[in-house]
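Each residue takes its place number in the sequence, starting with 1.
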Amino acid sequence: ELLSNNNLNLEVMKLVNSLANFNKGKNYLLSKNTLIEDIVKCMIAENEDTELRQNCLGAIQKFSLRNEPQKKIIELNVIHYLVDIFTLQYESLSDYTIEYGLGLLMNLSLRKAGREKFEAIADKTIQILQKFMDKDNIQVLTCINGTLYSLLKKRKFKNEARAKGLDIHFKNTNTDNPQLKKQITYILEELNKQTS
């Protein structure tokens, strides 16, 4: 149960975030049924990019690699929450929030239920992914490319991406990084594919 004292919450969340790095830690933490709800509640209660919110986000991102927590995170509307945060607080976000937030969006976009949640905010999602494309950070770009690749399986996203000129953006992207080159090739293939 999270506490009314934010300093204590921060210490608890730092510990949770650290334990979530390890399989045994994840197993132990996830044995508590309401853990994900508690962390999401705590994260949403923070209006700014505080250390507490960052630790909540970090922990959730680590849990999102597992099936059941991933389902729960999608049900709790974390996708809409994050897209709003990225839209409204873009200027004031830490690198930590950007990296873990985009990593979380990518993990959630891999599920059909996740893609359906994204569909309701297709235009906003493409806009925020576009905003972060100028970051000179391989991890950030890989998360953006991974999210896009998953979402482009939906016709609505494909149309939105084309309307916002993403096909042109990727055709004109020059990178020496072989990993990014491969990702861009896959995205362009997906963009050019006809969706049923």
Side-chain angles (χ1 to χ4, degrees), residues 20-21 49 54 57-67 69-71 73-74 77-196:
N21 285 314
D49 195 10
Q54 288 168 20
L57 178 60
I60 291 171
Q61 193 272 340
K62 291 162 194 171
F63 292 137
S64 73
L65 296 164
R66 292 194 175 183
N67 231 343
Q70 205 180 58
K71 271 202 297 213
I73 295 164
I74 291 167
N77 253 336
V78 172
I79 290 171
H80 287 210
Y81 165 77
L82 265 183
V83 170
D84 279 345
I85 290 292
F86 282 148
T87 305
L88 303 169
Q89 299 182 4
Y90 173 74
E91 300 296 335
S92 59
L93 295 175
S94 62
D95 288 344
Y96 187 94
T97 293
I98 292 168
E99 283 181 22
Y100 278 85
L102 288 171
L104 178 55
L105 288 182
M106 179 176 76
N107 293 346
L108 301 179
S109 74
L110 299 172
R111 285 192 88 91
K112 186 172 180 280
R115 289 195 290 274
E116 282 165 4
K117 290 268 185 193
F118 276 111
E119 247 187 315
I121 47 169
D123 55 337
K124 259 184 172 179
T125 302
I126 297 282
Q127 270 169 0
I128 62 141
L129 293 176
Q130 262 183 312
K131 271 184 182 176
F132 291 113
M133 280 176 187
D134 61 359
K135 293 264 176 219
D136 195 18
N137 178 325
I138 300 282
Q139 197 180 336
V140 164
L141 293 173
T142 295
C143 290
I144 290 169
N145 293 343
T147 307
L148 267 175
Y149 184 73
S150 288
L151 296 179
L152 287 171
K153 297 186 184 334
K154 293 271 186 191
R155 184 190 293 160
K156 190 171 183 180
F157 273 98
K158 208 164 273 195
N159 294 342
E160 197 64 50
R162 286 187 188 132
K164 289 196 164 41
L166 280 192
D167 45 350
I168 295 156
H169 165 83
F170 282 112
K171 275 177 197 151
N172 296 331
T173 299
N174 286 318
T175 177
D176 296 329
N177 184 294
Q179 188 190 350
L180 289 177
K181 265 188 182 154
K182 201 180 279 183
Q183 291 167 10
I184 288 167
T185 305
Y186 290 144
I187 288 170
L188 283 169
E189 277 173 13
E190 196 56 52
L191 261 171
N192 294 322
K193 235 185 244 171
Q194 293 305 312
T195 321
S196 53

- [ ] Starting from the C-alpha separation in whole Å, work towards a yes-or-no answer on side chain to side chain contact (heavy atoms under 4.5 Å, CB included) for K193 and E189.
- [x] CA-CA 6 Å; K193 235 185 244 171; E189 277 173 13; 5.5 Å; no
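- In this structure, I138 and Q179 approach most closely via the heavy-atom pair CG2-OE1, 4.0 Å.
- Taking each heavy atom of Q183 and L141 in turn, the nearest pair found is OE1-O, 4.2 Å.
- Rounding to the nearest 0.5 Å places OG1 of T185 at 10.5 Å from CG of N145.
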TODO: Please report the C-alpha distance between K117 and I74 in whole Å, then the side-chain angles of each, then the deciding distance to 0.1 Å, and finally whether the side chain to side chain contact (heavy atoms under 4.5 Å, CB included) criterion is met.
DONE: CA-CA 8 Å; K117 290 268 185 193; I74 291 167; 3.9 Å; yes
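- For Y186, there are no ring pair (Phe, Tyr, Trp, His ring centres under 6.0 Å) partners, not counting sequence neighbours.
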If you look only at distance, which donor and acceptor atoms sit under 3.5 Å apart when one is on a side chain in residues 164-175 and the other is two or more places apart or in another chain?
residue, atom, partner, partner atom, Å
K164, NZ, E160, OE2, 2.7
N172, ND2, I168, O, 3.2
T173, OG1, H169, O, 2.6
T175, OG1, N177, N, 3.1

TODO: Before giving the answer on side chain to side chain donor-acceptor pair (under 3.5 Å), spell out for D49 and S94 the whole-Å C-alpha distance, their side-chain angles and the decisive distance to 0.1 Å.
DONE: CA-CA 7 Å; D49 195 10; S94 62; 3.0 Å; yes
Task: Test log, rule side chain to side chain contact (heavy atoms under 4.5 Å, CB included), inputs T147 and L102 - done: CA-CA 8 Å; T147 307; L102 288 171; over 6 Å; no
Task: Verdict with reasoning, I126 to L151, per side chain to side chain contact (heavy atoms under 4.5 Å, CB included) - done: CA-CA 10 Å; I126 297 282; L151 296 179; 5.9 Å; no
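- In terms of modelled atom types and a separation under 3.5 Å, the side chain of K156 and the main chain of A120 share no donor-acceptor contact.
- Taken from OG1 in T125 to CZ in F86, the straight-line distance is 11.0 Å, to the nearest 0.5 Å.
- Interatomic distance, CG of L129 versus CD1 of I144, reported as 6.0 Å (0.5 Å rounding).
- Interatomic distance, CE of M106 versus CG of L108, reported as 10.0 Å (0.5 Å rounding).
- Among residues two or more places apart in sequence or in another chain, the ring pair (Phe, Tyr, Trp, His ring centres under 6.0 Å) test is passed with Y149 by none.
- The two atoms that bring T97 and Q54 nearest to each other are OG1-CG, 3.4 Å, heavy atoms only.
- Sequence neighbours left out, the pairs with a member in residues 99-116 that pass salt bridge (Lys or Arg N to Asp or Glu O under 4.0 Å) are K112-E116.
- For the ring pair (Phe, Tyr, Trp, His ring centres under 6.0 Å) test, residues two or more places apart in sequence or in another chain that qualify with Y100 are Y96.
- Of all the heavy atoms in L152 and A161, the pair that sits closest is CD2-CB, 3.8 Å.
- Side chains of I98 and V140 form a contact here, defined as non-hydrogen atoms less than 4.5 Å apart.
- The stretch residues 119-143 participates, sequence neighbours left out, in these salt bridge (Lys or Arg N to Asp or Glu O under 4.0 Å) pairs: D84-K124, E119-K154.
- Distance CG/L82 to CG/N77: 11.0 Å, rounded to 0.5 Å.
- Counting all heavy atoms, side chain and backbone alike, G146 lies closest to S109 at O-OG, 4.3 Å.
- For the atom pair Q70 CD and I73 CD1, the distance stands at 7.5 Å (nearest 0.5 Å).
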